[in-house]
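These notes are about the structure you will find just below.
Computed from a predicted structure; not experimentally measured.
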Amino acid sequence: MINPARYIQKIFIAEDCRDLPHTARILKRAANIPVQEIKGHQLPGLSTGDHYHHQLTAGKRNLLLCRNQGHFLKPCPGTREYRCCEYQILNIGMNCPMDCVYCILQAYLNNPWLTFFVNTEDLLIELKGFLAAEPQRFWRIGTGEFTYRMALDQLTGLGAILSEFMADQTNAVLELKTKSAMIDNLANVDHKGRTIMAWSLNSPAIMQKEELRTATLDERLAAAARCAAWGYKLAFHFDPIIYHQGWRQGYAETIERLFATVPASQIVWISMGALRFLPTLKQIAADRFPNSSFFFEEFVMGLDGKNRYFRPHRVEMYKYIYNLLQAKASPETCIYFCMESDEIWQEVMGFTPEEHGGLPAMLERTVSGGVEQK
Ligand code: SF4
């Protein structure tokens with residue numbers, strides 16, 4: 001089984017983080033990896049700026065432990081033009097040890113360093129204050145807009161820390177998304193059902209060819225089944241859905257194996273999102289992955305400035321996948337679109353989120369034991 005943390009060749013520690021408890025815990029787990037302390041913010045070796053993506057492959061092998069100087073929590077940057085689920089994101093670091101051809105981070109960031117914020121106490125204080133400020137509101141919180149989420153969990157142990165913290169919060173759930181199967185740290189956590197373990201899924205061909213250093217389909221599903229046995233609720237994200245030869249067969253196979261491996265009753269939600277990307281990503285991906293060709297289909301510029309498949313093309317793929325999911329999913333599971341218009345919802349699912357109280361309410365109902373929405 002692939003452990004993304006195994007690819008880290010060196011750990012750099014900002015001098016003001018040397019004595020933090022989380023730094024000590026990581027260094028204990030990473031006993032064989034060389035460590036270097038750095039002064040100020042002088043990062044040796046890798047360049048930043050416009051052409052930083054040439055350094056990305058190297059950056060993924062160097063882990064920087066430093067403080068987050070800003071806020072940890074922020075709203076997911078959905079756009080007004082598409083239906084957004086109003087998710088809150090915990091910013092736990094930057095970059096990712098895995099390497100997906102379509103990864104948006106390649107075009108978003110200007111720094112190749114794999115970074116983990118070790119001032120975890122500050123994170124928990126901020127999160128506690130945020131949840132206490134509006135106790136009547138219900139929040140869904142996830143990890144990482146700019147980062148790898150759970151890929152380094154074997155080193156960081158953050159998943160267990162967050163799950164234990166969330167167990168005592170009554171107005172929120174935490175979703176830990178990953179493409180890894182390294183979930184051992186979550187085995188004995190008293191999570192009280194407030195952590196949802198989530199995996200991105202794709203057709204087996206895309207997972208194998210376009211998602212480097214990630215777990216295979218079987219490994220992800222086996223990890224999900226273990227988490228289900230430990231009482232975690234589950235979620236799955238078919239995102240990005242990519243047009244490729246044999247896509248029907250591929251997505252059907254993944255869905256078949258998903259429901260043959262994990263209990264449908266423990267899946268709270270499943271999202272679908274077709275490939276969308278900033279125009280600059282196409283050239284970066286072509287430079288880094290010359291054998292990948294899916295960026296060379298026909299696309300249209302969306303209202304959010306991202307390229308997407310033409311609407312009839314998206315609808316065709318969504319309808320096919322949605323029908324397969326709906327046939328197998330529990331009636332309690334919320335199947336939804338990430339960043340799509342009401343027109344697409346109507347055409348594929350036959351309703352708009354507003355008819356069911358809005359997407360945030362639909363998702364909230366599924367985790368609070370709620371109401372059928374289909
Ligand atoms: S797992 Fe996510 S963050 Fe990591 S490379 Fe793939 S798409 Fe990017």
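Although no hydrogens or angles enter the test, the distance criterion places a donor-acceptor pair under 3.5 Å between the side chain of Arg67 and the main chain of Asp16. Arg194 places no side-chain N or O within donor-acceptor distance of the main-chain N or O of Val173, the cut-off being under 3.5 Å. A donor-acceptor pair under 3.5 Å is formed between the side chain of Gln266 and the backbone N or O of Ala228.
Of the inter-residue distances, the one linking Met207 atom CE with Ile242 atom CD1 reads 11.5 Å to the nearest 0.5 angstrom. The NZ atom of Lys60 sits 6.0 Å away from atom CG of Leu56, with the distance rounded to the nearest 0.5 Å. Here the straight-line distance linking atom CG of Leu20 with atom CG of Leu65 works out to 9.5 Å at 0.5 Å rounding.
None of Val268, Ile335, Leu325, Leu201 except one satisfies the side-chain contact (heavy atoms from CB on, under 4.5 Å) rule with Phe236; the exception is Leu201.
Between Trp345 and Tyr336, the ring center distance fails the sub-6.0 Å criterion. Taking the six-membered ring wherever Trp is involved, the centroid distance between the rings of His22 and Phe117 does not fall below 6.0 Å. For Tyr320 and Trp247, the ring centers sit closer than 6.0 Å to each other.
Residues forming a side-chain contact (heavy atoms from CB on, under 4.5 Å) with Gln169 (at least two apart in sequence, or on another chain): Leu131, Phe165, Met166.
Within 6.0 Å of the CD atom in Glu355, the count of heavy atoms belonging to other residues, nucleotides or ligands exceeds 12. Surrounding NZ of Lys192 are more than 12 heavy atoms belonging to other residues, nucleotides or ligands, all under 6.0 Å away.
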Requested in this report: Any chance you could lay out the ring-ring contact (aromatic ring centres under 6.0 Å, His included) test for Trp139 and Tyr87, step after step, and finish with the verdict?
Outcome: CA-CA 7 Å; Trp139 301 98; Tyr87 203 62; over 10 Å; no
Query raised in the report: What's the verdict on side chain to side chain contact (heavy atoms under 4.5 Å, CB included) for Asn202 and Glu211, showing C-alpha distance, side-chain angles and the deciding distance?
Result: CA-CA 10 Å; Asn202 221 303; Glu211 298 180 350; 4.1 Å; yes
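In plain terms, the two heavy atoms of Ala223 and Ile183 that are nearest each other are CB-CG1, 3.8 Å.
For residues 239-264, the salt bridge (Lys or Arg N to Asp or Glu O under 4.0 Å) pairs, not counting sequence neighbours, are Asp218-Arg257, Asp239-Arg276, Arg248-Glu316, Glu253-Arg257, Glu256-Lys328. Residue pairs satisfying the ring-ring contact (aromatic ring centres under 6.0 Å, His included) criterion with at least one member in residues 273-297, sequence neighbours excluded, are listed as follows: Phe277-Phe295, Phe277-Phe299.
Look at Glu219 and Lys179 and you find no salt bridge, because none of the NZ, NE, NH1 or NH2 atoms lies under 4.0 Å from a carboxylate O.
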